[in-house]
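We number each residue from 1, following the sequence as shown. Remember, it's a predicted structure, so these values are computed and weren't measured experimentally.
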Amino acid sequence: MKIVKSNSYDEMSKKAADIVISLVKKKSNTVLGLATGSTPLGLYGKLVKSYKNGEISFKDVKTVNLDEYYPITPSNNQSYRYFMNKNLFNKIDILKENTHMLSGKAVDCDKECEEYENLISSLGGVDLQILGIGRNGHIAFNEPGDKLSLYTHKTRLTDSTIEANSRFFSSRDEVPEAALTMGIGTIMKAKRIIILASGEDKKEAVRGMLSPYLDTHLPASLLSLHNNVTLFCTEDVL
Ligand code: GLP
């Protein structure tokens, strides 16, 4: 795994955004895999700035998001759909119909997940996947466990993730206990992956990810098997 270390969150976000910007300039119909959480917010801000400066257009770009809480409606301000619209999609010229997300109100979750896998394939796969990392080493909502799912699936969130994500909700009880998420195999099929990590609380997860062992209890460690992954991080996580 290649590591690009930065002195600040802003510098890390800029370096990661430059990768996305140069790809979109080179391939206007790029398929981007997107993540939520607070870590990629700086990167999204840089993309918005670049669009506003007239440097890039997202007119032909397609996106697929990693995951969504379940159950949740898209209009709920805690849904990942709401997050993406607010922080990126509403601020750039991307066509809403080209922004794909798992539905938090799907009735048949198995069908929803299978259709999402097919959708990604029909788009020609993900050119560049952006990832964050959970404090417990999860990627998307692939939580630590004895087994990891290859494909998009419904999962129960661990107490650690519910606790970590409760900071976005008014109380812990409001955090949904389940989610729909791309599987490890779905993520690993991306042609290129960039993973962002910043802050002391990610130190242990990053250390595990960079260790020379694969550990299903630290899902991000599986990324070592991919041949084009770059970690963009701040000094405090190393
Ligand atoms: C959530 C998301 C992950 C994200 C993680 C870390 O659980 N499902 O995709 O990487 O949180 O979020 P943050 O960047 O806010 O620490």
Side-chain angles (χ1 to χ4, degrees), residues 2 4 10-69 74-75 79-104 112-113 115-133 139-141 151-152 180-183 185-196 223 226-232:
K2 206 173 138 206
V4 178
D10 191 62
E11 186 188 317
M12 175 193 82
S13 303
K14 180 170 184 328
K15 284 181 182 164
D18 285 345
I19 301 292
V20 183
I21 292 165
S22 66
L23 180 64
V24 172
K25 275 183 181 165
K26 206 162 68 185
K27 189 182 178 202
S28 60
N29 61 348
T30 293
V31 179
L32 292 176
L34 301 177
T36 51
S38 50
T39 315
L41 280 174
L43 185 165
Y44 294 154
K46 305 281 178 204
L47 297 184
V48 171
K49 205 166 151 200
S50 175
Y51 161 69
K52 290 207 164 132
N53 290 341
E55 285 169 52
I56 46 167
S57 166
F58 292 85
K59 192 166 56 61
D60 298 321
V61 169
K62 297 180 177 70
T63 65
V64 282
N65 260 79
L66 286 169
D67 48 13
E68 178 60 282
Y69 287 117
S75 56
S79 76
Y80 284 169
R81 166 50 84 183
Y82 188 94
F83 174 100
M84 290 308 305
N85 285 348
K86 176 169 171 246
N87 294 302
L88 186 64
F89 301 150
N90 288 349
K91 298 179 173 175
I92 57 177
D93 62 344
I94 198 160
L95 303 175
K96 275 283 163 60
E97 61 265 34
N98 287 340
T99 66
H100 304 286
M101 299 199 59
L102 284 153
S103 171
E112 176 71 11
C113 293
E115 284 177 0
Y116 206 63
E117 286 286 332
N118 293 338
L119 167 84
I120 296 170
S121 300
S122 73
L123 294 174
V126 172
D127 291 303
L128 175 65
Q129 177 66 58
I130 297 163
L131 292 178
I133 183 168
I139 47 175
F141 272 130
Y151 307 111
T152 302
L180 303 184
T181 179
M182 283 188 198
T186 327
I187 294 170
M188 294 286 277
K189 273 193 256 169
K191 294 168 191 110
R192 182 172 184 187
I193 297 175
I194 61 178
I195 178 158
L196 310 178
L223 293 174
H226 195 283
N227 64 9
N228 195 349
V229 188
T230 309
L231 165 67
F232 287 87

Query raised in the report: Measuring from Leu128:CG to Asn228:CG, what's the distance to the nearest 0.5 Å?
Result: 9.0 Å
Query - Check: Thr181 main-chain N/O paired with Tyr116 side-chain donor or acceptor under 3.5 Å - result: no
**Report entry** Gap separating the CD1 atom of Ile193 from the CG atom of Leu231, nearest 0.5 angstrom
**Finding:** 12.0 Å
Query raised in the report: Is the count of non-hydrogen atoms from other residues, nucleotides or ligands lying under 6.0 Å from Lys26 atom NZ greater than 12?
Result: no
Report summary line: What one should report as the nearest heavy-atom pair of Asn87 and Tyr44 is O-CB, 4.0 Å
Report task. Please report the shortest heavy-atom distance between Ile187 and Ala140, naming the atom on each side. Result -> CD1-CB, 4.0 Å
Query raised in the report: Is the Phe141-Tyr69 ring centre distance short of 6.0 angstrom?
Result: yes
Requested in this report: Any chance you could measure Ile56, atom CD1, to Leu23, atom CG, to the nearest 0.5 Å?
Outcome: 10.0 Å
Requested in this report: Indicate whether any N or O donor in one side chain lies under 3.5 Å from an N or O acceptor in the other, for Ser103 and Glu112.
Outcome: no
Query - Presence of salt bridge, Lys14 and Asp18, under 4.0 angstrom - result: yes
Report task. With rounding to the nearest 0.5 Å, note down the distance linking CG in Leu180 to OG1 in Thr152. Result -> 9.0 Å
Requested in this report: Please check if the side chain of Asn90 supplies one atom and the backbone of Asn85 the other of a donor-acceptor pair under 3.5 Å.
Outcome: yes
Query raised in the report: Got a donor-acceptor contact below 3.5 angstrom from the His226 side chain to the Ala190 backbone?
Result: yes
Query raised in the report: Any idea which heavy atoms bring Thr186 and Gly183 closest together, and the distance?
Result: OG1-N, 3.0 Å
Query raised in the report: Between Asp127 and Thr30, does any side-chain donor sit less than 3.5 Å from a side-chain acceptor?
Result: no
Requested in this report: With rounding to the nearest 0.5 Å, note down the distance linking CE in Met182 to CG in Leu102.
Outcome: 7.5 Å
Requested in this report: Would you mind checking if Lys46 and Asp10 are paired as a salt bridge, meaning a charged N to carboxylate O distance below 4.0 Å?
Outcome: yes
Query raised in the report: Does the Glu68 side chain pair with the main chain of Arg81, one donor and one acceptor, at a distance under 3.5 Å?
Result: yes
Report task. Working to the nearest 0.5 Å, report the span between CD1 of Ile94 and OG1 of Thr99. Result -> 6.0 Å
